[in-house]
Q: 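Here it is, the structure, as C-alpha cells.
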Amino acid sequence: QVQLVESGGGLVQAGGSLRLSCVASGRISSINVMGWYRQAPGNQRDLVATITSGGSTDYAESVKGRFTISRDNAQAPVYLQMNSLKPEDTAVYYCAADRLRLPRKGQGCDWWGQGTQVTVSS
C-alpha cells in the first residue's frame, strides 16, 4: 500500500505564498504520478498540478505561473509552492498518487491524503 500525508495549509493574505508538502510512504515504487487536487465549498474537485516519475509536470490553467509542483527524488516529499495567492484559491487541498494517471476530477485515483485547508483572505 501507499500512504500519503499532507501538511502546510493555513490562512494567508491575498498575494502571499504558501508551500504544501506531501510525504509518501509504503510501496512508493508503485507510483507513476503524484499531484494535488483541490475542492472548495460548492465546487467540484479539480486537479491542480501533477508530476510524473520522470519529472514531467503539468498545471491547471488557473494556477499556471503561480504554482510550482516539485520533488528532489522519488523518495522525497512532493511540494506545491503557491505564490500570488488569490481568494479563489481557498479550498481543501489533497495530495494524490496513482499507478498510471490522475483523472481530472479524481475519480478512480489509487491513493489519497487526508487533505489540508488553505484559506486566502481578501
Q: Ignoring hydrogens and angles, write down the donor-acceptor pairs under 3.5 Å from the side chains of residues 98-106, residues two or more places apart or on other chains.
A:
{"from": "D98", "atom 1": "OD1", "to": "L100", "atom 2": "N", "distance (Å)": "2.7"}
{"from": "D98", "atom 1": "OD1", "to": "R101", "atom 2": "N", "distance (Å)": "3.2"}
{"from": "D98", "atom 1": "OD2", "to": "D110", "atom 2": "N", "distance (Å)": "3.0"}
{"from": "R99", "atom 1": "NE", "to": "D110", "atom 2": "OD2", "distance (Å)": "3.0"}
{"from": "R99", "atom 1": "NH2", "to": "D110", "atom 2": "OD1", "distance (Å)": "3.4"}
{"from": "K105", "atom 1": "NZ", "to": "D46", "atom 2": "OD1", "distance (Å)": "2.3"}

Q: If Ile, Leu, Val, Met, Phe, Trp and Tyr residues are connected whenever their side-chain heavy atoms lie under 4.5 Å apart, and connections chain through other members, are M82 and Y37 in the same group?
A: no
Q: Among L47, I51, L80, find the one that has a side chain to side chain contact (heavy atoms under 4.5 Å, CB included) with W36.
A: L80
Q: Under 3.5 Å, side chain of E6 to main-chain N/O of Q114, donor-acceptor pair present?
A: yes
Q: Does Y59 belong to the same Ile/Leu/Val/Met/Phe/Trp/Tyr cluster as V120, with side-chain heavy atoms less than 4.5 Å apart forming each link?
A: yes
Q: What's the shortest heavy-atom distance between S62 and R38, and which atoms?
A: OG-NH2, 3.4 Å
Q: Considering all heavy atoms of both residues, which atom of S17 and which atom of S84 are nearest to each other, and what is their separation?
A: OG-N, 4.4 Å
Q: Describe, in one word, how the ring planes of W112 and Y94 are oriented to each other, choosing from parallel (under 30°), tilted (30 to 60°) and perpendicular (over 60°).
A: perpendicular
Q: Determine, using the 4.5 Å side-chain heavy-atom cutoff (strictly less than), whether V12 and F67 are members of one ILVMFWY cluster.
A: yes
Q: Give a yes or no on whether the backbone of R19 and the side-chain of Q81 come within a donor-acceptor separation of less than 3.5 Å.
A: no
Q: With a 4.5 Å cut-off on side-chain heavy-atom distances among I, L, V, M, F, W and Y, is there a chain of contacts connecting L85 to I69?
A: yes
Q: Is there a path from L20 to W111 through hydrophobic residues (I, L, V, M, F, W, Y) whose side chains come within less than 4.5 Å of each other?
A: yes
Q: side-chain contact (heavy atoms from CB on, under 4.5 Å) between M34 and L4: does it pass, once the steps are laid out?
A: CA-CA 10 Å; M34 294 186 66; L4 305 174; 3.8 Å; yes
Q: Please identify which of these residues, D89, L11, T116, V118, meets the side chain to side chain contact (heavy atoms under 4.5 Å, CB included) condition with L18.
A: V118
Q: Show every donor-acceptor pair shorter than 3.5 Å between a side-chain atom in residues 24-31 and any protein atom, with sequence neighbours excluded, or say none if there are none.
A:
{"from": "S25", "atom 1": "OG", "to": "Q3", "atom 2": "OE1", "distance (Å)": "3.3"}
{"from": "S30", "atom 1": "OG", "to": "R27", "atom 2": "O", "distance (Å)": "3.4"}

Q: What do you reckon, is CD of Q13 surrounded by more than 12 foreign heavy atoms closer than 6.0 Å?
A: no
